[in-house]
Amino acid sequence: MIVRCMLILLSLFSASCIAASNEWNAYIRLIERADIETLRALPDTINRIGVTLDDDQSETLAIALSVALIKDPVSVINATAPLEQSSDALKNRFGTSLICSLPGMLRFTPPQIDDYFANAEPALERAGPAAAACLENLRETVAELRHSAG
């Protein structure tokens, strides 16, 4: 009930208000926790605010989605799949292919990348066929990073 009330309140704020206020931080925390209602609403939220997000906010949201991917891979994949199909580059930057290719790689150190992969790989394996393409994408990304660093 509290989550639904919070979602209703979030939807009442204008797009710019969400992206520019403390509501943004609360939204990111809900995403990181893999809150199911927040994830279900992600495509609609991105349709409303996606074009207003600056580069830092976009990266923060993508990283939050990658954190959520470890907690609930199927819900994150389901939430990001519609964004993958968007012809709007500002919206499809939150699509599944980005979320499954380590969006935090520019902020993470090599040990942080290894730690993320160590947690994400088994979570995606447990998710089964629904996460198979995501798992393959993540493995390829990590292999490329390791190869270029080696």
Side-chain angles (χ1 to χ4, degrees), residues 1-109 112-142:
M1 184 66 170
I2 292 172
V3 171
R4 286 187 185 187
C5 290
M6 189 164 191
L7 288 174
I8 291 169
L9 287 173
L10 281 174
S11 68
L12 294 175
F13 289 100
S14 70
S16 60
C17 182
I18 288 176
S21 72
N22 288 334
E23 297 303 318
W24 176 249
N25 293 326
Y27 181 73
I28 292 299
R29 284 191 301 276
L30 287 170
I31 293 289
E32 287 174 339
R33 287 196 310 253
D35 177 77
I36 192 70
E37 294 300 322
T38 305
L39 291 173
R40 283 185 187 141
L42 180 72
D44 291 334
T45 302
I46 294 303
N47 283 331
R48 282 187 295 112
I49 70 169
V51 297
T52 67
L53 299 177
D54 63 28
D55 289 343
D56 187 55
Q57 290 167 322
S58 296
E59 187 177 16
T60 298
L61 178 55
I63 291 170
L65 285 164
S66 71
V67 169
L69 185 68
I70 294 171
K71 296 173 183 169
D72 189 349
V74 174
S75 293
V76 172
I77 291 167
N78 288 341
T80 58
L83 299 168
E84 185 75 18
Q85 306 306 317
S86 177
S87 60
D88 185 337
L90 293 175
K91 294 176 185 173
N92 77 6
R93 61 188 164 166
F94 303 107
T96 305
S97 61
L98 173 68
I99 302 311
C100 295
S101 64
L102 199 63
M105 73 176 95
L106 297 176
R107 286 191 187 177
F108 295 171
T109 64
Q112 288 173 316
I113 290 171
D114 290 341
D115 186 51
Y116 177 81
F117 183 67
N119 289 303
E121 185 177 40
L124 291 168
E125 287 173 342
R126 284 189 301 274
C134 182
L135 177 58
E136 183 60 29
N137 193 5
L138 181 61
R139 284 177 172 157
E140 288 175 8
T141 301
V142 171

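Because the structure is a prediction, the values reported are computed rather than measured.
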Just by modelled atom types, is the [Y] backbone N or O under 3.5 Å from a matching donor or acceptor in the [X] side chain?
{"X": "Glu121", "Y": "Ala118", "result": "no"}
{"X": "Glu84", "Y": "Thr96", "result": "yes"}
{"X": "Asn92", "Y": "Ser86", "result": "yes"}
{"X": "Arg33", "Y": "Lys71", "result": "no"}

Under a 4.5 Å cut-off applied to non-hydrogen side-chain atoms, are [X] and [Y] in contact?
{"X": "Arg139", "Y": "Phe117", "result": "yes"}
{"X": "Asn22", "Y": "Tyr27", "result": "no"}
{"X": "Asp88", "Y": "Val51", "result": "yes"}
{"X": "Thr52", "Y": "Gln57", "result": "no"}
{"X": "Ile49", "Y": "Trp24", "result": "yes"}
{"X": "Thr80", "Y": "Leu69", "result": "no"}
{"X": "Asp115", "Y": "Gln112", "result": "no"}

What's the shortest heavy-atom distance between [X] and [Y], and which atoms?
{"X": "Ile28", "Y": "Ala64", "value": "CG2-CB, 3.9 Å"}
{"X": "Ile36", "Y": "Ser75", "value": "CD1-OG, 3.0 Å"}
{"X": "Ala131", "Y": "Leu124", "value": "CB-O, 3.6 Å"}
{"X": "Ala79", "Y": "Pro43", "value": "O-CG, 3.3 Å"}
{"X": "Cys134", "Y": "Ile77", "value": "CB-CD1, 3.8 Å"}
{"X": "Ile46", "Y": "Leu61", "value": "CD1-CD2, 3.5 Å"}

- Message: Working note: Leu65 + Leu42, criterion side-chain contact (heavy atoms from CB on, under 4.5 Å); need CA distance, chi angles, decisive distance, verdict.
- Response: CA-CA 10 Å; Leu65 285 164; Leu42 180 72; 3.8 Å; yes
- Message: Are more than 12 heavy atoms, taken from residues, nucleotides or ligands other than Asp55, located less than 6.0 Å from that residue's CG atom?
- Response: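 Atom CG in Asp55 is not crowded, with 12 or fewer foreign heavy atoms closer than 6.0 Å.
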- Query: How would you list, by chain and number, every residue that makes a side chain to side chain contact (heavy atoms under 4.5 Å, CB included) with Asn47, sequence neighbours excluded?
  - Reply: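 For Asn47 the side chain to side chain contact (heavy atoms under 4.5 Å, CB included) partners, ignoring immediate neighbours, are Asp44, Lys91.
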What distance separates [X] [atom1] from [Y] [atom2], expressed to the nearest 0.5 Å?
{"X": "Ile70", "Y": "Asn119", "atom1": "CD1", "atom2": "CG", "value": "5.0 Å"}
{"X": "Glu136", "Y": "Thr141", "atom1": "CD", "atom2": "OG1", "value": "9.5 Å"}
{"X": "Leu138", "Y": "Ser66", "atom1": "CG", "atom2": "OG", "value": "9.5 Å"}

- Item | Residues Glu32, Arg29: salt bridge by 4.0 Å N-O rule |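 No, this pair does not count.
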- Decide yes or no on side-chain contact (heavy atoms from CB on, under 4.5 Å) for Leu53 and Leu90, but give the supporting numbers first. CA-CA 9 Å; Leu53 299 177; Leu90 293 175; over 6 Å; no
Please set out all donor-acceptor pairs under 3.5 angstrom arising from side-chain atoms of residues 99-108, sequence neighbours excluded.
| residue | atom | partner | partner atom | Å |
| --- | --- | --- | --- | --- |
| Ser101 | OG | Ser97 | O | 3.0 |
| Ser101 | OG | Leu98 | O | 3.0 |
| Arg107 | NE | Glu59 | OE1 | 3.3 |
| Arg107 | NH2 | Asp56 | OD1 | 2.6 |

